[in-house]
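Quick note: numbers below take in every heavy atom, side chains included, and nothing from hydrogens, waters or symmetry partners.
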Amino acid sequence: MRIGHGYDVHRLVEGRPLILGGVPIPFEKGLLGHSDADVLVHALMDALLGAAGLGDIGRHFPDSDPAYKGISSIALLCRVRALLQVRGFSLVNADITLIAQRPKIGPYMPEMRRNLADALGCPEDRLNIKATTEEKLGFTGEEAGMACHAVCLLEEHG
(Lines give C-alpha, C1' and ligand atoms only; values in the text may rest on other atoms or scores of the structure.)
Protein backbone atom coordinates (compact mmCIF):
# COMPACT_ATOMS: atom_id res chain seq x y z
CA MET A 1 0.00 0.00 0.00
CA ARG A 2 1.24 3.47 -0.86
CA ILE A 3 -0.18 6.82 0.17
CA GLY A 4 0.02 10.05 -1.80
CA HIS A 5 -0.84 13.68 -1.15
CA GLY A 6 -1.60 16.32 -3.76
CA TYR A 7 -2.15 20.05 -3.49
CA ASP A 8 -2.98 22.57 -6.16
CA VAL A 9 -4.04 26.20 -6.35
CA HIS A 10 -5.25 28.41 -9.19
CA ARG A 11 -6.18 32.08 -9.43
CA LEU A 12 -9.80 33.03 -10.22
CA VAL A 13 -10.14 35.34 -13.23
CA GLU A 14 -12.90 36.71 -15.42
CA GLY A 15 -13.34 35.34 -18.91
CA ARG A 16 -12.57 31.68 -18.13
CA PRO A 17 -15.00 28.83 -17.49
CA LEU A 18 -14.95 27.24 -14.05
CA ILE A 19 -14.33 23.50 -14.36
CA LEU A 20 -14.18 21.37 -11.21
CA GLY A 21 -14.02 17.59 -11.30
CA GLY A 22 -14.65 17.80 -15.02
CA VAL A 23 -17.95 19.64 -14.47
CA PRO A 24 -18.62 23.13 -15.85
CA ILE A 25 -19.90 25.20 -12.91
CA PRO A 26 -21.89 28.39 -13.56
CA PHE A 27 -19.87 31.20 -11.96
CA GLU A 28 -18.70 34.68 -12.91
CA LYS A 29 -15.03 33.64 -12.82
CA GLY A 30 -12.95 30.65 -13.81
CA LEU A 31 -9.56 29.28 -12.88
CA LEU A 32 -6.46 30.50 -14.68
CA GLY A 33 -4.09 27.89 -16.06
CA HIS A 34 -2.47 26.35 -19.12
CA SER A 35 -4.99 23.49 -19.23
CA ASP A 36 -8.62 23.83 -18.15
CA ALA A 37 -7.13 24.58 -14.68
CA ASP A 38 -9.32 22.03 -12.88
CA VAL A 39 -7.76 22.44 -9.43
CA LEU A 40 -9.62 19.42 -8.05
CA VAL A 41 -8.37 17.01 -10.71
CA HIS A 42 -4.85 18.46 -10.55
CA ALA A 43 -4.62 17.79 -6.80
CA LEU A 44 -5.88 14.23 -7.33
CA MET A 45 -3.38 13.59 -10.14
CA ASP A 46 -0.51 14.80 -7.96
CA ALA A 47 -1.64 12.52 -5.12
CA LEU A 48 -1.80 9.51 -7.47
CA LEU A 49 1.56 10.24 -9.09
CA GLY A 50 3.15 10.85 -5.71
CA ALA A 51 1.87 7.58 -4.25
CA ALA A 52 3.33 5.72 -7.23
CA GLY A 53 6.65 7.56 -6.93
CA LEU A 54 6.21 9.12 -10.38
CA GLY A 55 6.82 12.78 -9.61
CA ASP A 56 4.10 15.34 -10.26
CA ILE A 57 1.85 16.63 -13.03
CA GLY A 58 4.38 19.28 -14.04
CA ARG A 59 6.83 16.52 -14.91
CA HIS A 60 4.32 14.60 -17.02
CA PHE A 61 2.26 17.47 -18.46
CA PRO A 62 4.44 20.62 -18.42
CA ASP A 63 2.71 23.97 -18.89
CA SER A 64 5.45 24.86 -21.37
CA ASP A 65 4.16 22.20 -23.79
CA PRO A 66 1.59 23.59 -26.27
CA ALA A 67 0.03 20.10 -26.51
CA TYR A 68 -1.57 20.70 -23.11
CA LYS A 69 -2.95 24.19 -23.82
CA GLY A 70 -6.63 24.12 -22.86
CA ILE A 71 -6.67 20.33 -22.45
CA SER A 72 -9.28 18.68 -20.25
CA SER A 73 -7.83 17.66 -16.91
CA ILE A 74 -10.08 14.59 -17.04
CA ALA A 75 -8.18 13.55 -20.20
CA LEU A 76 -4.93 13.99 -18.27
CA LEU A 77 -6.33 11.93 -15.38
CA CYS A 78 -6.99 9.11 -17.88
CA ARG A 79 -3.30 9.28 -18.83
CA VAL A 80 -2.31 9.09 -15.15
CA ARG A 81 -4.51 6.00 -14.81
CA ALA A 82 -2.62 4.39 -17.70
CA LEU A 83 0.74 5.19 -16.03
CA LEU A 84 -0.48 3.58 -12.80
CA GLN A 85 -1.81 0.48 -14.58
CA VAL A 86 1.48 -0.12 -16.41
CA ARG A 87 3.26 -0.08 -13.05
CA GLY A 88 0.73 -2.40 -11.38
CA PHE A 89 -1.08 0.10 -9.15
CA SER A 90 -4.79 0.35 -8.46
CA LEU A 91 -6.70 2.91 -6.42
CA VAL A 92 -7.93 1.82 -3.00
CA ASN A 93 -9.49 5.21 -2.25
CA ALA A 94 -9.06 8.96 -2.56
CA ASP A 95 -10.30 11.81 -0.40
CA ILE A 96 -10.42 15.29 -1.91
CA THR A 97 -11.06 18.65 -0.22
CA LEU A 98 -11.79 21.73 -2.32
CA ILE A 99 -11.16 25.06 -0.57
CA ALA A 100 -13.26 27.88 -2.02
CA GLN A 101 -15.48 30.61 -0.65
CA ARG A 102 -17.89 30.36 -3.58
CA PRO A 103 -19.65 28.85 -5.46
CA LYS A 104 -21.34 26.08 -3.52
CA ILE A 105 -20.49 22.82 -5.27
CA GLY A 106 -22.72 20.37 -3.41
CA PRO A 107 -25.16 19.96 -6.30
CA TYR A 108 -22.28 19.09 -8.67
CA MET A 109 -20.48 16.55 -6.47
CA PRO A 110 -22.29 13.44 -7.77
CA GLU A 111 -21.32 14.27 -11.36
CA MET A 112 -17.75 15.04 -10.26
CA ARG A 113 -17.49 11.65 -8.57
CA ARG A 114 -18.83 9.93 -11.69
CA ASN A 115 -16.30 11.77 -13.89
CA LEU A 116 -13.39 10.83 -11.64
CA ALA A 117 -14.53 7.21 -11.30
CA ASP A 118 -14.97 6.88 -15.07
CA ALA A 119 -11.51 8.34 -15.71
CA LEU A 120 -9.90 6.06 -13.13
CA GLY A 121 -11.95 2.96 -13.96
CA CYS A 122 -13.02 2.45 -10.37
CA PRO A 123 -16.26 2.39 -8.38
CA GLU A 124 -17.54 5.78 -7.26
CA ASP A 125 -17.46 4.72 -3.62
CA ARG A 126 -13.65 4.79 -3.74
CA LEU A 127 -13.77 8.57 -4.19
CA ASN A 128 -14.87 11.19 -1.69
CA ILE A 129 -15.20 14.88 -2.50
CA LYS A 130 -15.92 17.59 0.01
CA ALA A 131 -15.63 21.36 0.11
CA THR A 132 -14.95 23.96 2.73
CA THR A 133 -14.51 27.69 2.96
CA GLU A 134 -11.84 29.48 4.92
CA GLU A 135 -14.40 31.80 6.51
CA LYS A 136 -13.44 34.68 4.19
CA LEU A 137 -9.77 34.46 5.25
CA GLY A 138 -6.78 34.29 2.91
CA PHE A 139 -6.76 34.17 -0.89
CA THR A 140 -9.52 31.55 -1.07
CA GLY A 141 -11.71 33.41 1.41
CA GLU A 142 -11.21 36.64 -0.51
CA GLU A 143 -12.18 34.78 -3.72
CA ALA A 144 -8.85 35.43 -5.40
CA GLY A 145 -8.41 31.72 -6.07
CA MET A 146 -9.24 28.14 -5.16
CA ALA A 147 -7.13 25.41 -3.62
CA CYS A 148 -7.51 21.69 -3.27
CA HIS A 149 -5.93 18.89 -1.23
CA ALA A 150 -6.17 15.22 -2.17
CA VAL A 151 -4.91 12.08 -0.50
CA CYS A 152 -5.02 8.61 -1.99
CA LEU A 153 -4.09 5.07 -1.20
CA LEU A 154 -2.77 2.80 -3.94
CA GLU A 155 -2.41 -0.96 -3.88
CA GLU A 156 0.51 -2.47 -5.74
CA HIS A 157 -0.06 -5.71 -7.65
CA GLY A 158 2.84 -7.75 -8.73
Check for a donor-acceptor pair, side chain of Glu134 on one end and backbone N or O of Gly141 on the other, with a separation under 3.5 Å. no

Answer yes or no: is there a donor N or O on one side and an acceptor on the other, between the side chain of His34 and the main chain of Asp65, under 3.5 Å? yes

Are any of the side-chain heavy atoms of Leu76 and Ile71 separated by less than 4.5 Å? yes

Please check if Ile74 and Val39 belong to a single hydrophobic cluster, counting links between Ile, Leu, Val, Met, Phe, Trp and Tyr side chain heavy atoms closer than 4.5 Å. yes

Can you give me the closest heavy-atom contact between Gln101 and Thr140, atom names plus distance? CB-O, 3.4 Å

Test of understanding: clusters of I, L, V, M, F, W, Y form through side-chain heavy atoms closer than 4.5 Å, transitively. Do Leu40 and Val151 belong to the same one? no

For the side chain of Arg2 and the backbone of Leu154, is there at least one donor-acceptor N/O pair under 3.5 Å apart? no

Given the rule in the side chain to side chain contact (heavy atoms under 4.5 Å, CB included) test, do Leu12 and Leu31 qualify, once you have shown the distances and angles that lead to the verdict? CA-CA 5 Å; Leu12 279 164; Leu31 294 168; 3.7 Å; yes

Taking the side chain as every heavy atom from C-beta outward, state whether Met109 and Leu98 have any pair of such atoms under 4.5 Å apart. no

Minimum heavy-atom distance between Cys148 and Ala43, given as atom pair plus value: O-CB, 3.5 Å

Over 60° means perpendicular and under 30° means parallel, so classify the ring planes of Tyr7 and His149, tilted if in between. tilted

For Asp63 and Gly33, indicate whether the former's side chain and the latter's backbone hold a donor-acceptor pair under 3.5 Å. no

Show the numbers, then the answer: is there a side chain to side chain contact (heavy atoms under 4.5 Å, CB included) between Leu77 and Leu116? CA-CA 8 Å; Leu77 182 59; Leu116 300 178; 3.7 Å; yes

Can you tell me how far apart CG (Leu127) and CD1 (Ile96) are? Round to the nearest 0.5 Å. 6.0 Å

Rounded to the nearest 0.5 Å, what separation is found between the CG atom of Leu153 and the OG atom of Ser90? 9.5 Å

Side chain proximity check, Arg102 to Glu28, heavy atoms < 4.5 angstrom: yes

So do Phe139 and Val9 actually touch side chain to side chain, heavy atoms under 4.5 Å? yes

In terms of hydrophobic clusters joined by side-chain contacts under 4.5 Å, are Phe89 and Val80 together? yes

Keeping the roles fixed (side chain from Asp46, backbone from Asp56), state whether a donor-acceptor pair exists under 3.5 Å. no

Inter-residue atom distance Leu18.CG - Met146.CE, 0.5 Å rounding: 4.5 Å

In short, Leu120 meets Arg81 closest at the heavy-atom pair O-NE, 3.3 Å

Between Arg11 and Leu32, is there a donor-acceptor pair closer than 3.5 Å when you use the side chain of the first and the backbone of the second? no

Close side-chain approach of Pro24 to Pro17, heavy-atom, < 4.5 Å: no

Sub-4.5 Å side-chain heavy-atom contact between Val41 and Asn115: no

Between Phe61 and Tyr68, what is the shortest heavy-atom contact and its length? CA-CE1, 3.6 Å

With side chains defined as the heavy atoms from C-beta onward, is the minimum distance between Leu83 and Leu48 less than 4.5 Å? no

Nearest 0.5 Å, what's the CG-CG distance between Leu44 and Leu91? 7.5 Å

Distance in Å, Met45 CE paired with Ile57 CD1, rounded so as to fall on 0.5 Å steps: 4.5 Å

Backbone N or O of Ala52 within a donor-acceptor pair of the Arg87 side chain at under 3.5 Å? no

Is there a donor-acceptor contact under 3.5 Å linking the side chains of Asp8 and His42? yes

Testing the basics here: between Ala51 and Cys152, what is the closest heavy-atom pair and its distance to 0.1 Å? CB-SG, 3.9 Å

Can you name the nearest heavy-atom pair linking His60 to Leu54, along with the distance? NE2-O, 2.7 Å

Please say whether more than 12 non-hydrogen atoms of neighbouring residues, nucleotides or ligands are located less than 6.0 Å from CZ in Arg16. yes

In this structure, are over 12 heavy atoms from other groups packed under 6.0 Å from Lys104 atom NZ? no

Heavy-atom check, side chain of Ile25 versus side chain of Pro103, under 4.5 Å: yes

Separation between CZ (Arg79) and CG (Leu84), nearest 0.5 Å, reads 14.5 Å

